[in-house]
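Take a look at the structure set out below.
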Amino acid sequence: MEPKGSVINEICSLYDQLSEGERSIADYVMAHPSDIASMTTREIAHASATSAASVSRFARRLGYESFSALRSALLRDERAFDSKGDISVISLDSPRAALETVLMVKNRELTDTLSLLKEDEVAHAARMLEHSVSITFAAVGNTIPSALSASFLLAQLGLRCNCAPTTEAMMLDSLSLTPHDVIVFLSKSGHSKRLNKMMDNAIDSDTPTIVITNQPGSPLARRATCVLHAATHDKVLNPDMPFSHNSINYIIEVLFLLLSSDIPNFRAHAGLLWKALGEDKGVPGEVF
């Protein structure tokens, strides 16, 4: 079965696991997606300084039966995204081109995320959050700020949320979970040993778990109660470092809006919140 997401998403998701030769092919495909449809395996091998056999192995590594199948999928993706051409090189010499390139890639990433998400899983996650006694967020590295933001966002709905500022403190929180709580893991890779230890603690306490990740087949996601698959196109823009949580934040914001439409006392709680914080926001009195 072919991958459900776009070719670019599959490349970005597996990029760090690819060999040096496979990365050379991946870099070329990501930089010239609109050219691939008219190129042969040998031409791509020459352009990426690899071999035709490497190109074929690369396609199978991504989950396609052949490079022809990958090429057809990429052509379909380009039509779906209404592509305007190849990715521009990001440089301080051309800030306008950089703005347009990042916008294009991020739009594709969100569109890809929409195709990967299952409606019933999104609704399931929202109900889990709404009916929990408390919600704990867990993340590592540069995903911790996104977890802190998500915790604050959902707390504005009147839900009891917590996100410790360090992974060590999150580990302590995971030891106090109950079956009436929910723990939400934000993890691009799903392979963090510390997060998987927290998952062990959640399973031991029979606590429902939600994992938002780029890797639904990862150890963390495979053990979750609910998995929300976020696309990633980071490697298109910067192959050296994952830097964006665009699709993860999109999922969190969708959950927030779904919950705000369903929680009965949301407007009353929001009124109290703005009554308390309105002056800091430049708004006198209540908003609602």
Side-chain angles (χ1 to χ4, degrees), residues 121-230 232 242-260 262-263 265-266 269-270 272-273 276-277:
E121 286 290 276
V122 174
H124 184 202
R127 293 190 185 99
M128 288 171 62
L129 296 170
E130 182 174 0
H131 299 299
S132 65
V133 171
S134 70
I135 303 166
T136 296
F137 285 85
V140 296
N142 68 355
T143 309
I144 291 177
S146 291
L148 288 164
S149 176
S151 177
F152 184 85
L153 184 65
L154 296 190
Q156 294 179 95
L157 297 170
L159 301 175
R160 185 173 297 173
C161 298
N162 173 57
C163 180
T166 66
T167 306
E168 290 78 8
M170 292 175 190
M171 187 69 75
L172 287 174
D173 288 341
S174 72
L175 293 170
S176 304
L177 295 168
T178 75
H180 306 292
D181 303 322
V182 169
I183 182 168
V184 182
F185 295 93
L186 307 185
S187 176
K188 293 172 73 70
S189 72
H191 286 272
S192 165
K193 292 182 179 179
R194 286 173 291 177
L195 292 183
N196 275 284
K197 287 288 186 182
M198 293 182 214
M199 177 65 82
D200 290 339
N201 295 336
I203 291 173
D204 287 346
S205 59
D206 201 24
T207 303
T209 58
I210 298 171
V211 172
I212 304 177
T213 182
N214 301 146
Q215 300 279 2
S218 64
L220 190 67
R222 288 200 302 267
R223 298 190 292 158
T225 309
C226 178
V227 178
L228 301 179
H229 189 179
T232 174
F243 64 93
S244 172
H245 299 86
N246 185 50
S247 55
I248 289 177
N249 291 337
Y250 164 69
I251 293 173
I252 292 294
E253 290 172 10
V254 169
L255 291 172
F256 167 81
L257 292 169
L258 288 173
L259 289 166
S260 68
D262 198 61
I263 294 177
N265 62 345
F266 163 62
H269 183 81
L272 290 173
L273 176 66
L277 301 178

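Excluded from the calculations below are hydrogen atoms, water molecules and symmetry mates; all remaining heavy atoms, backbone and side chain alike, are included.
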#### Entry: Residues in side-chain hydrogen bond (donor to acceptor under 3.5 Å, both in side chains) contact with Ser260, at least two apart in sequence or another chain
none
### Query
Would a 4.5 Å heavy-atom cut-off, applied to side chains only, mark Val211 and Met199 as touching?
yes
### Message
So, using salt bridge (Lys or Arg N to Asp or Glu O under 4.0 Å) as the criterion, who are the partners of Asp200 when residues are at least two apart?
### Response
Arg223
### Message
For Asn214 versus Ala230, what's the shortest heavy-atom pair and its separation?
### Response
ND2-O, 2.7 Å
### Task
For the residue pair Thr136 and Met170, establish whether any side-chain heavy-atom pair is separated by less than 4.5 Å.
no
### Task
Can you run down the salt bridge (Lys or Arg N to Asp or Glu O under 4.0 Å) pairs that involve residues 175-196, sequence neighbours left out, and say none if there aren't any?
Lys188-Asp234
### Message
Could you check whether any side-chain heavy atom of Phe256 comes within less than 4.5 Å of a side-chain heavy atom of Leu258, counting everything from C-beta outward?
### Response
no
### Message
Could you check whether any side-chain heavy atom of Leu228 comes within less than 4.5 Å of a side-chain heavy atom of Glu121, counting everything from C-beta outward?
### Response
yes
#### Entry: Side-chain touch Phe185/Ile210, heavy atoms, less than 4.5 angstrom
no
Taking distance alone, no hydrogens or angles, what donor-acceptor pairs closer than 3.5 Å link side-chain atoms of residues 139-163 to residues at least two apart or in another chain?
| residue | atom | partner | partner atom | Å |
| --- | --- | --- | --- | --- |
| Asn142 | ND2 | Pro242 | O | 3.4 |
| Thr143 | OG1 | His245 | NE2 | 3.0 |
| Asn162 | ND2 | Asp173 | OD2 | 2.8 |

### Query
With sequence neighbours excluded, what pairs up with Asp206 under the side-chain hydrogen bond (donor to acceptor under 3.5 Å, both in side chains) test?
none
### Message
List the residues meeting side-chain hydrogen bond (donor to acceptor under 3.5 Å, both in side chains) with Ser174, not counting sequence neighbours, and say none if there are none.
### Response
Asn201
#### Entry: Over all atoms of both residues, closest heavy-atom pair of Ile183 and Ala138
CD1-CB, 4.2 Å
